[in-house]
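Working notes, structure below.
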Number of protein chains: 2
Amino acid sequence: MVPVKKLREPDENLVRQKEAAFADFIQRKGLKTTRQRNTIISTFFRLRGHISVEELLNQVKQANPRIGYATVYRTLHLLVESGLVEERRFGDGLARYEGHSDVEHHDHMICLECGEIFEFFNPRLEALQESLAEENNFQIFRHRLELYGACKDKEACQRRKSRSSVAAQAE
Amino acid sequence: MVPVKKLREPDENLVRQKEAAFADFIQRKGLKTTRQRNTIISTFFRLRGHISVEELLNQVKQANPRIGYATVYRTLHLLVESGLVEERRFGDGLARYEGHSDVEHHDHMICLECGEIFEFFNPRLEALQESLAEENNFQIFRHRLELYGACKDKEACQRRKSRSSVAAQAE
DNA sequence: GCCGAAATTGAAAACAGTTTTCGTAATCCA
DNA sequence: TGGATTACGAAAACTGTTTTCAATTTCGGC
Ligand SMILES: [Mn+2]
Ligand SMILES: [Mn+2]
Ligand SMILES: [Zn+2]
Ligand SMILES: [Zn+2]
């Protein structure tokens, strides 16, 4: 029931498809194709999970060490604007990015002990939000739902939980 | 059905109760009572809504212009630590604080046009989250649910919505 | 291919919100 | 009331992100 999505290995075909979609976007906007942007997006799309700027830059530098933060930030903004990528913030002060294989919306459970992030989607939950909004005469554009807690099945997370109590949330 | 909470005028008795609770907290921690902290907390508890640090400092300065950012930040941390106040972040890059008359948990709807924030609580929604977590062997410590959108009943918000499309979310 | 306007890059500076430092002042218990 | 301890406030530091700016690259038209 309501399975947590497993993070897929990025599918090479899908990656190419996205690269093409981004190229389209760039062209439509009258922007230029550059070596750096190509490096950045192809690196990004081949990563999985919720990637921070620093993580991405580190990977990118392996392909081209001269690429700097500014270009990565700028390219991520373009990716978001293109709709191919979503920005997330889970309260650790870093922006994280995910470019999902499927465009589906989903929500997150974040383990405060091991940092693992589970993704889930539940239609009843979504519908309930809609109906609550409706009742208050509110029109939802988007929402965010994050459950913070601990993995129950990992001894490590349960062990740590007992001493460190609830890890403080920074930002 | 599932009423949006109206922001109450802070009740003078409740405010005094909280001031006392904070004094207790300070004492239990072996900290000292200071004029500045008293000014800050009594100002804070008499405000309503989701207060930013700058907003609070502005108010505080009316009582004592010599109080600075550092002390306000430090006092807010203590308030959060005491459990009397919660920190919120709605994606505009500012921390906001609320000290609720009732300790109840609640979630938020945020109008991206006029900035108004509605609070709501729905037991079915909460229960559904629990059961989803259960299914994934996840233990929830806390969660955050925010619905971003627009007031349906304010012409201004509907008007603006049509041109500015969805306001971008900064942080 | 070459020109040149327009876009892009990268290093460094700027920014914004928040935290820390550090010298001075206030608190409060023995 | 002495004096160890805690707090204050201004300014500096910090962090993640954005902007600036001079130099480089792109690309449509010749
Ligand atoms: Mn995700
Ligand atoms: Mn609230
Ligand atoms: Zn959802
Ligand atoms: Zn809730």
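If you're wondering where the values come from, they're calculated on a predicted model, not measured in any experiment. Just so it is clear: chains get the letters A, B, ... in the order the sequence lines come, proteins before strands, and each one is counted from 1.
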_With a 4.0 Å cutoff (strictly under), does any side-chain N or O of B:Gln36 reach OP1 or OP2 of D:dG9?_
yes
Checking C:dT8, C:dG17, C:dG10 against the side chain of B:Tyr73 (C-beta onward), the nearest is C:dG17
Picking from D:dA10, C:dT9, C:dT27, the nucleotide nearest the side-chain atoms of A:Thr71 would be C:dT9
Charged N-O contact under 4.0 Å between B:Arg144 and B:Glu146:
yes
Taken to the nearest whole Å, NZ/A:Lys61 to C1'/C:dT9 is 12 Å
**Distance-only donor-acceptor test (3.5 Å): side chain B:Arg89, base C:dG17** = no
Ranking D:dT19, C:dT18, C:dT20 by distance to the side chain of A:Arg74, first place goes to D:dT19
Quick note, A:Lys32 side chain, CB onward, closest among D:dT26, D:dT19, D:dG9 is D:dT26
Taking C:dT19, D:dG16, C:dT18 as options, the one with an atom nearest any side-chain atom of B:His77 is C:dT19
In B:Phe90, B:Phe118, B:Phe44, B:Tyr97, the residue satisfying ring pair (Phe, Tyr, Trp, His ring centres under 6.0 Å) with B:His50 is B:Phe90
B:Leu94 CG to C:dA16 P, in whole Å, measures 12 Å
Taken to the nearest whole Å, CZ/A:Arg28 to P/C:dA7 is 17 Å
Closest of D:dG16, C:dG10, C:dT8 to the A:Arg66 side chain is C:dG10
Ranking B:Val53 and B:Gln27 by the position along DNA chain C of their nearest nucleotide, the one closer to 5' is B:Val53
note: B:Tyr69, atom OH; C:dA16, atom C1'; distance rounded to Å ~ 10 Å
To the nearest angstrom, the CG-C1' distance between A:Asn38 and C:dT8 comes to 13 Å
Notebook entry, point to check: Does the distance from a Lys or Arg side-chain N to an Asp or Glu carboxylate O, for B:Glu126 and B:Arg124, drop under 4.0 Å?
Noted result: no
To the nearest angstrom, the CD1-P distance between B:Ile67 and D:dA10 comes to 11 Å
Linking I/L/V/M/F/W/Y whenever their side-chain heavy atoms sit closer than 4.5 Å, directly or via other members, would A:Val80 and A:Leu47 fall into one cluster? yes
- prompt: Taking only N and O in the side chain of A:Thr34, is any of them less than 4.0 Å away from OP1 or OP2 of C:dA7?
  reply: no
A:Asn64 atom CG is separated from C:dA11 atom C1', nearest whole Å, by 15 Å
* Can you say whether the rings of B:Tyr73 and B:His77 are parallel (under 30°), tilted (30 to 60°) or perpendicular (over 60°)? -> tilted
Rounded to whole Å, the NZ-C1' distance (B:Lys29 to D:dA7) equals 14 Å
A:Ala95 has its side chain closest, among C:dA11, D:dG9, D:dT17, to D:dT17
Taking D:dC8, C:dT8, C:dG17 as options, the one with an atom nearest any side-chain atom of A:Arg37 is C:dT8
